[in-house]
Amino acid sequence: MTINWNNNISKMAQDRLSPSLLGDLFAIEHKYKPICLSAGEPNSDFFPLEELAPFFKDVCKKRELFGYYPFHAGHVGLREWIKNWMKDDNIAAPWVEVDNIILTTGSQQGLALLSDLLVDEGDLVAVEAPTYLEALRAFRKSGANFIEVEADENGIIPESFEMVCKQNKPRLLYTIPNFQNPTGSVTSLERRKSILKIAQKFDVVIIEDDPYRYVSFIDSLPDSYMSLSGDDDRVIYLGSFSKIICPGIRCGWMIVPVPLVKKVTQLRHTIEISLPASLQHIVYCFCNQMDRKQYFNKIQKVYKNRCDVLVSTLNETMADKGLEMNFPKGGYFIWSHLPGINNMRNFVEYSIINFGVSVTPGYIFYVRSGQGLDTLRFSFAKVSLEEISEGCERLARSYDSFVAL
């Protein structure tokens, strides 16, 4: 006799856990090994492994880091370094101290913790249209409903956000203000100020997700929501080392106000007893010895070059097919519109299987069905210059073949 597991799965798991459309595409990519103009992760050739290697070796001399780590918010030295970094770059609010910084195993864990901490079943979460897919999945698990806010190349449109707040009263706003995923947009300073005032007026929490800040191709970025908020502690900030060191190190952080600190650590204790202090110590040692300006300049130069080449090559190979795209000022992504495709999901799978190139369908980043059906997200992060050229050529051939079916 076997148990009927369908009758024993929780209502939450049945009703709120949705398939990862990106995960489905990753599985196809893993099988066919295409050129990835889709992956939002750095190329492994760019991981600073030689610089990290001595710290991996030395950490084994620190036995105290391999037991249960006593500081539930994470490695004290790394939290101190992040605080000073955020203060130096005018990202953190005046009230931020070490105790407000909580380390996470990647910023996705931060999203998961915040969704469980701040969202009750049926609460409305305001999001940009389009927005980061995995954030939607995290909030949905906690029972959130979503209301989309209009956005363009300058970020959230304040008038749209105010209308949403008047008509729907969202619990919080989730936003990626710098080099947004998937569009690459940067929210202007004036809009940030307006959006913050609207959030204050309607008592809305802002979650500021900022993983791409240091993958910038411009001289300066607008002030963060957190720094603009001053003594008003309604802004929660999420950061990550995935884009500036490597994703496999699994280290991110969040900055939360004092009333949330204890609740966040209590919530995390239901998931894990202790954080990986040994890995966090390695990140601390690496960060503590780096020349930040020189290190980030190197990252920015590499990705700017890849971005320029991808934009240029797409113009050469796909413009005559109607492709229109933005020119990002940083981050990993190019947002585009491609007419003539009646099913973008099928086109993406067709391109992977038959032509060995992958891109990401844009409709998956919207809450409501029927949106973004002619959109694609390109990424230049994981591919070499040679792969960019070959991948664009393959995509052009795939398009011609697909529309002729």
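Along the sequence shown, the residues carry numbers beginning at 1.
Ring geometry for Trp85 against Phe296 counts as parallel: the plane angle stays under 30°, on a 0 to 90° scale with 60° as the upper cut.
Between Arg16 and Glu121 there is a salt bridge, since a side-chain N of the basic residue sits under 4.0 Å from a carboxylate O of the acidic one. Salt-bridge check for Arg79 with Asp99: passed, with a basic side-chain N closer than 4.0 Å to an acidic carboxylate O.
The ring pair (Phe, Tyr, Trp, His ring centres under 6.0 Å) pairs that include a residue from residues 376-405 are Phe347-Phe402, Tyr350-Phe402, where partners are two or more places apart or lie in different chains.
In the model, Glu153 has no side-chain atom that pairs as donor or acceptor with a side-chain atom of Gln180 under 3.5 Å. Residues Glu41 and Ser242 bring no donor and acceptor atom of their side chains to less than 3.5 Å of each other. A donor-acceptor contact closer than 3.5 angstrom links the side chains of Ser227 and Ser224.
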Evaluate Arg377 against Asn181 for side-chain hydrogen bond (donor to acceptor under 3.5 Å, both in side chains), listing each step before the verdict.
CA-CA 9 Å; Arg377 190 195 73 177; Asn181 182 3; 2.8 Å; yes
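No option in Asp89, Asn178, Ile91, Asp210 other than Asn178 meets the side chain to side chain contact (heavy atoms under 4.5 Å, CB included) test with Leu221. Just one residue in the list Leu114, Asp116, Leu260 forms a side chain to side chain contact (heavy atoms under 4.5 Å, CB included) with Leu267, and that residue is Asp116. Of the residues listed (Leu196, Asp232, Leu172), the one engaging Ile206 in a side chain to side chain contact (heavy atoms under 4.5 Å, CB included) is Leu196, and it is the only one.
By the salt bridge (Lys or Arg N to Asp or Glu O under 4.0 Å) test, Asp223 is found to be paired with no residue, residues two or more places apart in sequence or in another chain being considered.
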